[in-house]
There are 2 protein chains.
Amino acid sequence: MRDKATSFDIAYMAGVSQSTVSRALRNSPQVNKETREKVQAIARQLNYKVDKNASNLRQQRSSTLALLLFEDPTTDESLINPFFLSMLGSITRACAKRSQDLLVSFQQLSDDWHADYEDSNKADGIILLGYGDYKDYEEKLHKLLAQETHFVCWGAEVLGHPEFTLRSNNREGGRLAGEHLLATGHKKFAFVGNASEGSPEFSARYLGFIDALNKAGISAAQVPHFDAISTESAGDKATEQLLAGRHQVDAIFCASDLIAIGVMRCLKRRNLRVPEDIAVMGFDDIPVASFATPALSTIQQDTTQAGELLVNNLLQLINNQPITVSQIEPKLIIRQSCGFNRT
Amino acid sequence: MRDKATSFDIAYMAGVSQSTVSRALRNSPQVNKETREKVQAIARQLNYKVDKNASNLRQQRSSTLALLLFEDPTTDESLINPFFLSMLGSITRACAKRSQDLLVSFQQLSDDWHADYEDSNKADGIILLGYGDYKDYEEKLHKLLAQETHFVCWGAEVLGHPEFTLRSNNREGGRLAGEHLLATGHKKFAFVGNASEGSPEFSARYLGFIDALNKAGISAAQVPHFDAISTESAGDKATEQLLAGRHQVDAIFCASDLIAIGVMRCLKRRNLRVPEDIAVMGFDDIPVASFATPALSTIQQDTTQAGELLVNNLLQLINNQPITVSQIEPKLIIRQSCGFNRT
DNA sequence: CTGAAAGCGCTTACAG
DNA sequence: CTGAAAGCGCTTACAG
């Protein structure tokens with residue numbers, strides 16, 4: 001078995017006290033330069049690493065953030081939403097930049113959350129990520145609040161604490177989608193995605209979409225709306241309904257790319273061409289969007305920026321610093337699924 | 001500020017010693033049932049959680065595993081290989097099952113690895129994941145070995161320690177691919193993917209592919225081979241080369257799905273139909289595979305099983321238990337990109 | 001600039 | 001079955 005060196009070993013070898021070793025290793029300015037260099041050289045040589053548990057215990061903080069990715073239990077378990085995976089990537093990188101470790105955990109929305117990360121001092125704060133019905137976890141959010149846990153979350157609003165939430169300007173995103181569909185010459189629109197109270201992000205996208213249509217003289221009443229959670233199969237099923245209803249539709253705005261993929265699959269099965277017969281617009285810009293045929297036009301959410309803001313805001317919270325409410329600005333990505341501008 | 005309860009607070013409230021509290025909370029059989037229940041009730045009531053840092057420090061282990069996802073620096077940074085993302089998901093779940101926390105970190109292959117997770121007692125062991133050139137990190141693997149770090153890795157073999165590696169039976173997978181391409185009536189084959197020493201997994205897939213072709217009387221010399229790392233753009237470029245060389249090819253076996261997606265994109269751009277003109281076969285079965293048009297036939301690697309084995313093996317290693325060399329059995333997934341069986 | 005000492009919150013041998 | 005005590009490896013006020 002290997003025996004790890006401790007600060008006492010180094011102290012012995014350097015001929016100084018253990019306190020001095022600790023100070024030297026933390027680059028304390030009050031330790032003599034030569035002493036510091038000697039100590040650091042020995043530490044390197046012994047491949048010494050500060051014991052995190054001891055250090056954390058003593059300092060009462062962990063330099064670790066926890067990421068809770070929760071999934072809607074109705075979702076196909078094997079397929080984690082690619083959008084969150086991409087967020088995970090950027091959060092990881094953002095943590096590395098700020099020298100934080102990242103504890104990752106997937107949770108079912110229905111689970112009794114293991115949100116005890118902070119209580120057990122494993123993490124200094126928590127990042128919450130996940131679609132799913134907002135109402136389902138509102139209660140849990142408030143429990144976190146009551147426990148004074150430091151947390152930050154994507155999408156869902158925490159009543160009374162807008163600063164804890166980061167999200168895209170979804171309404172603006174919906175507007176961009178609507179404008180593009182209009183600019184590409186479409187006339188009869190539909191929306192696919194849950195736009196109820198339980199899905200604040202989807203609702204905002206819907207509202208923005210309607211904003212754009214209104215400007216063109218189209219009212220919300222003229223836009224059929226089909227519910228779908230953010231999965232491919234939900235998009236597929238919603239499209240079956242739409243088609244069965246014999247609506248006159250030449251453009252569908254989907255609340256997420258995953259839904260859009262499902263919509264396109266259904267359309268293809270029913271021998272409808274995209275974009276010639278029906279245009280399809282997504283939201284998120286997940287990797288599949290560009291691989292789809294035709295490539296999916298969509299509204300991009302900048303996950304790199306989102307990850308960094310999430311991490312930075314959480315760190316501010318932990319350090320009792322103020323944070324400002326901010327939003328990610330969505331961006332229109334034009335590919336092939338909506339045809340070309342006719343303006 | 002909230003003040004966290006300690007085991008002393010509980011001891012005081014329960015009228016017992018702190019040692020008894022500790023024992024009761026860990027369900028020690030030697031503590032009186034009533035005492036135990038009383039203590040646990042109070043702990044629940046105070047929302048008490050054992051301080052992980054203190055507990056780990058005392059026990060000299062962390063119940064935490066670290067996952068190092070390293071990427072080839074040449075790869076597009078924003079697009080993490082979906083196959084590894086899916087592994088990440090299953091590893092997370094496997095960790096949860098075994099009550100382990102998971103620390104996640106992305107590393108560039110070129111970085112000075114932050115593989116000091118175990119040295120600093122943050123994790124009891126490390127899981128290594130990543131494509132990229134094997135030779136580049138062989139040295140690093142041996143450093144881990146020298147430090148007696150507990151680790152397990154996907155794909156790449158650790159010389160002298162086959163038990164540390166888990167991977168698919170890649171050769172068998174290649175064989176399945178070859179057989180399917182043969183069964184669907186194809187005659188002129190090509191392979192796209194690095195099959196050099198630096199890519200042991202891709203090489204094995206190539207070899208298995210050739211095994212199958214040999215049985216049908218086709219020699220390796222008749223199969224043109226184009227290098228590509230595991231990205232879409234590499235697959236696209238390799239296909240341009242293939243087409244420029246005017247090879248007579250009616251089927252391409254790609255070392256990964258990402259490569260296959262790139263190959264199909266190039267084929268489409270060059271107005272070649274899949275599978276009518278050229279069949280395309282992938283490897284991995286990442287989510288995009290089923291979304292592609294035509295849907296990609298591929299060799300599936302069972303990531304759920306892989307994740308569990310990786311975690312279980314690592315835990316065995318940590319506990320000084322023996323582990324057996326095992327392989328994931330690949331599975332042929334027939335979709336549309338190779339046409340239909342003609343046998 | 002450096003050292004001796006206290007203490008973070010647990011777990012566990014030891015004694016009873 | 002329970003308690004008093006030691007100790008895991010650090011960091012940091014305190015004293016010099």
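Throughout, a chain's letter reflects where its sequence line sits, starting with A, and its residues are numbered from 1.
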Over all atoms of both residues, closest heavy-atom pair of L314(A) and G125(A): CD2-C, 3.8 Å

Between dG9(D) (P) and K122(B) (NZ): distance, integer Å: 18 Å

Options dG9(C), dT2(D), dG3(C), nucleotide nearest the side-chain atoms of L57(A): dG9(C)

S7(A) side-chain N/O to dC10(D) phosphate OP1/OP2 under 4.0 Å: yes

Validation row: T303(A), I328(A) side chains within 4.5 angstrom (heavy atoms): no

Exercise: do S90(B) and T304(B) side chains pair donor with acceptor under 3.5 Å: no

dG7(C) phosphate, OP1 or OP2, under 4.0 Å from Q60(A) side-chain N/O: no

Flag side-chain contact, heavy atom, 4.5 Å: H150(A) against F164(A): no

Any residue meeting side-chain contact (heavy atoms from CB on, under 4.5 Å) with S62(A), in chain and number order, not counting sequence neighbours: N56(A), T64(A), D124(A)

Minimum side-chain heavy-atom gap F151(B)-L141(B) below 4.5 Å: yes

Side-chain donor-acceptor pair present, S63(A), Q100(A), cut-off under 3.5 Å: no

Give me, pair by pair, the N or O atoms of the protein and of nucleotides 12-16 of chain C that are less than 3.5 Å apart, along with how far apart they are.
residue, atom, partner, partner atom, Å
dT12(C), OP2, R26(B), NH1, 3.1
dT12(C), O4', R58(B), NH2, 3.2
dA13(C), N6, R23(B), NH1, 3.1

Euclidean distance for C1', dG16(C) against dT12(C) (whole angstrom): 16 Å

Presence of T35(B) side-chain N/O under 4.0 Å of dT2(D) phosphate oxygens OP1/OP2: yes

Heavy-atom neighbours of E34(A) CD exceed 12 at 6.0 Å: no

Nucleic acid contacts of residues 48-55 of chain B, taken as heavy-atom distances under 4.0 Å to DNA chain C: Y48(B), V50(B), D51(B), A54(B), S55(B)

Rounded distance (Å) that lies between atom P of dC1(D) and atom NZ of K38(B): 15 Å

Residues S22(B) and S19(B): side-chain donor-acceptor under 3.5 angstrom: no

Interatomic distance, F8(A) CZ vs dC8(D) C1' [rounded to whole Å]: 11 Å

Those residues that, when tested against Q316(B), pass side chain to side chain donor-acceptor pair (under 3.5 Å) (two or more places apart): none

Length of the line joining N121(A):CG and dC10(C):P, which is rounded to integer Å: 9 Å

Would you mind writing out the side-chain donor-acceptor pairs for residues 39-52 of chain A within the sub-3.5 Å range, not counting sequence neighbours?
residue, atom, partner, partner atom, Å
Q40(A), NE2, A24(A), O, 3.0
Q40(A), NE2, N27(A), OD1, 3.0
N47(A), OD1, K49(A), NZ, 3.3
N47(A), ND2, Q147(B), OE1, 3.3
D51(A), OD1, N53(A), N, 2.8
D51(A), OD1, A54(A), N, 3.0
D51(A), OD2, N121(B), ND2, 2.4

Secondary-structure stems for DNA chain C, with pairs counted as Watson-Crick or G-U when both distances are under 3.5 Å and runs at least 3 long: C:1-3 with D:14-16, C:5-12 with D:5-12, C:14-16 with D:1-3

Whole-Å gap separating C1' (dG9(C)) and CZ (R61(A)): 17 Å

